[in-house]
Amino acid sequence: MADFKKKYDVVVAGAGVSGVAAALAAARMGQSVALLEKQAVTGGLATSGMIIIYLPLCDGMGRQVTFGIAEELMRASLRFSPCRLGKDWGGPGGPDARTRFAAPFSPAGMIVAFEKLLADAGVDLWYDTLVCKTVTSRGAVAAVEVENVSGRGRIEGKRFIDATGDSGVVRRAGGSVTTGHNTNGSTLWFMAGNPDPGRRYPLGANVNIQTIPMYKDVDLDEKYTLSGKGVSEFIRHGHGVVFDHYSQLYAKDPEDRFRYYPLYLPCMPLFRKIAHVNGRAAVNADQFNTRREDSVGLVGDWRAAGKIWETPYGSLLPENLEGILAAGRNICSCGDAWEAFRVIPAAAMTGEVAGTAAALSIAKNCRPSKLSLKQLRSALAAKKFVFHIDDLPPVSAGAASDVFTEE
Ligand SMILES: Cc1cc2nc3c(=O)[nH]c(=O)nc-3n(C[C@H](O)[C@H](O)[C@H](O)COP(=O)(O)OP(=O)(O)OC[C@H]3O[C@@H](n4cnc5c(N)ncnc54)[C@H](O)[C@@H]3O)c2cc1C
């Protein structure tokens, strides 16, 4: 089959939440944008991984901290979901710990909503297209090679965004990354038939997202996450867990087959942390509630009320590599900070920053690393972004603490 060649202003690799946000931000600023996705759906782990909980955009103290496309994507995902948004921002009086501004969503609802937003913005979405090589020229990313049913092609761009969830574009350019540890061996999230009332993540009358622990005391590091064989072993193990779970259930009562059954399994390996870029700046574990002079946005910490992280622009810029920005769980957030930044709201926020910075750096004819922070912030402020904790409204008296749990 013939090789092909295409050229865009901005090329985004990976159509997970961060890639979708990045592509929307750049396209809405007038750039031609390619969004390259190896699967046949948008949403990445959020949809293919059956994750379904859009974690809070607030600080659990009654204040919204993350704005812009992060909120737009949450509301869009709920349009086709049988779920309601929490009524408040985690202030006093909520009925339980899930009243923070967060919501479960239907994965299918998220996929179709994202596609419509991308189409409206004029993003060229390439499905079933694997980015398999990064081409650099004089220290900057100049093109990516992709493989799809048309054969192998080259996609050139003025700016690139690595939203692959595993820093795959940066790694393929030889850029430096830090790999993650997934302690306690992760949990399998999958879609199940289950008619019981009071289920934790109900998606309809008989449908639920169910979770089962996968391993005990196993630390999944790059021997699993960045090894083709390790990934296959991890996925097959998860399927075996489902097989055993239902076999044991039906051994007690064969009629349970008509009430409890698996409906759909994740199509992406459920690794929380794979590899983040080593950036020109980092968010370190102790840097919550800390002022970062080059902050470009805020995220709350889904695990603890009152914990807020400022995001330095340099954490989106891979060290020693030009022409590319990181987004989502690829940004340089280290140790415990990675736990706060690897989730959906932070993915959307950092994606929007990366897309905005890519577009602005083209318009200003400068490298992303040389972009004026003032100009970037002014573009983000127009989307209601807040950069420093001190600029949030004060916490109202009596605001309640609120903690989210994830299995
Ligand atoms: C078990 C588990 C539970 C979780 N629970 C929650 C939760 O309750 N709430 C929450 O907010 N977050 C949760 N998360 C985390 C969250 O879902 C993700 O970390 C977040 O969605 C990451 O988004 P992303 O865009 O950075 O990356 P990803 O979702 O990983 O998206 C990357 C995309 O890039 C594509 N891609 C990768 N490589 C290539 C390539 N070479 N070529 C082309 N395309 C490529 C992938 O197919 C994918 O679509 C959970 C994660 C796990 C594993």
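Numbering of ligands and ligand atoms starts at 1, following listing order. We number each residue from 1, following the sequence as shown. Basis for what follows: all heavy atoms, side chains included, without hydrogens, waters or symmetry-related copies.
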Side-chain heavy atoms of Y224 within contact of E233, under 4.5 Å
yes

Between F105 and Y54, what is the ring plane arrangement, given parallel below 30°, perpendicular above 60°, and tilted in between?
perpendicular

Interatomic distance, K223 atom NZ to K229 atom NZ [nearest 0.5 angstrom]:
14.5 Å

To the nearest 0.5 Å, what is the distance between NZ on K6 and OG on S32?
11.5 Å

I want to know if ligand 1 touches R329 in the polar sense, i.e. an N/O pair below 3.5 angstrom.
yes

Could you tell me whether E339 and K307 have a side-chain N and a carboxylate O separated by less than 4.0 Å?
no

For ligand 1, is any non-hydrogen atom under 4.0 Å from V169's backbone (N, CA, C, O), its side chain (CB onward), both, or neither?
neither

Check the orientation of F341 and W309. Use parallel for under 30°, tilted for 30 to 60°, and perpendicular for over 60°.
perpendicular

Is the contact between W189 and ligand 1 made by the side chain, the backbone, both, or neither, using heavy atoms and a 4.0 Å cut-off?
side chain

Proximal ligand 1 atoms for Q39, defined as those under 4.0 Å from one of its heavy atoms
47 (O), 49 (O)

Heavy-atom pairs closer than 4.0 Å: do any link ligand 1 to the side chain of T129, the backbone, both, or neither?
backbone

Report the residues that fulfil side-chain hydrogen bond (donor to acceptor under 3.5 Å, both in side chains) with N284, sequence neighbours left out, ordered by chain and then residue number.
Q287

Under a 4.0 angstrom heavy-atom cut-off, which atoms of ligand 1 come close to G165?
27 (O), 30 (O), 32 (C)

Please examine the side chains of T136 and L321, heavy atoms only from C-beta on, and report whether any two atoms are closer than 4.5 Å.
yes

Pair R303 + D336: basic N to acidic O under 4.0 Å
yes

Give the numbers and elements of all ligand 1 atoms closer than 4.0 Å to a heavy atom of G328.
26 (O)

Examine the proximity of ligand 1 to A163 and report which part, side chain or backbone, both or neither, has a heavy atom under 4.0 Å away.
backbone

Using heavy-atom distances, let me know which of V41, I51, D128 sits nearest atom 17 (O) of ligand 1.
I51

Any nitrogen or oxygen of I344 lying under 3.5 Å from a nitrogen or oxygen in ligand 1? Just yes or no.
yes

Shortest reach to atom 9 (N) of ligand 1 by a heavy atom, considering only I53, N182, N330:
I53

Would K38 count as a polar contact of ligand 1, with the cut-off being nitrogen or oxygen pairs under 3.5 Å?
yes

Presence of salt bridge, R280 and E322, under 4.0 angstrom:
yes

Polar contact flag for L45 and ligand 1 (N/O pairs, less than 3.5 Å):
yes

If you measure every N or O of V131 against every N or O of ligand 1, does any of those distances drop under 3.5 Å?
yes

So, is S18 polar-close to ligand 1, with some N/O to N/O distance under 3.5 Å?
yes

Proximal atoms of ligand 1 relative to L55 (non-hydrogen, under 4.0 Å):
7 (C), 9 (N), 10 (C), 11 (O)

Any luck finding a side-chain donor-acceptor pair between E319 and S176 under 3.5 Å?
yes

Residue G44 vicinity, atoms of ligand 1 by number, heavy atom under 4.0 Å
29 (O), 31 (O), 48 (C), 49 (O)

So do I308 and R63 actually touch side chain to side chain, heavy atoms under 4.5 Å?
yes

Under 4.0 Å from a heavy atom of G14: give me the atoms of ligand 1 that qualify, with their elements.
33 (C), 34 (O), 35 (C)

For L36, the ligand 1 atoms whose distance to one of its heavy atoms is below 4.0 Å
43 (C), 44 (N)

Can you sort out which atoms of ligand 1 are near M268, meaning under 4.0 Å from one of its heavy atoms?
30 (O)

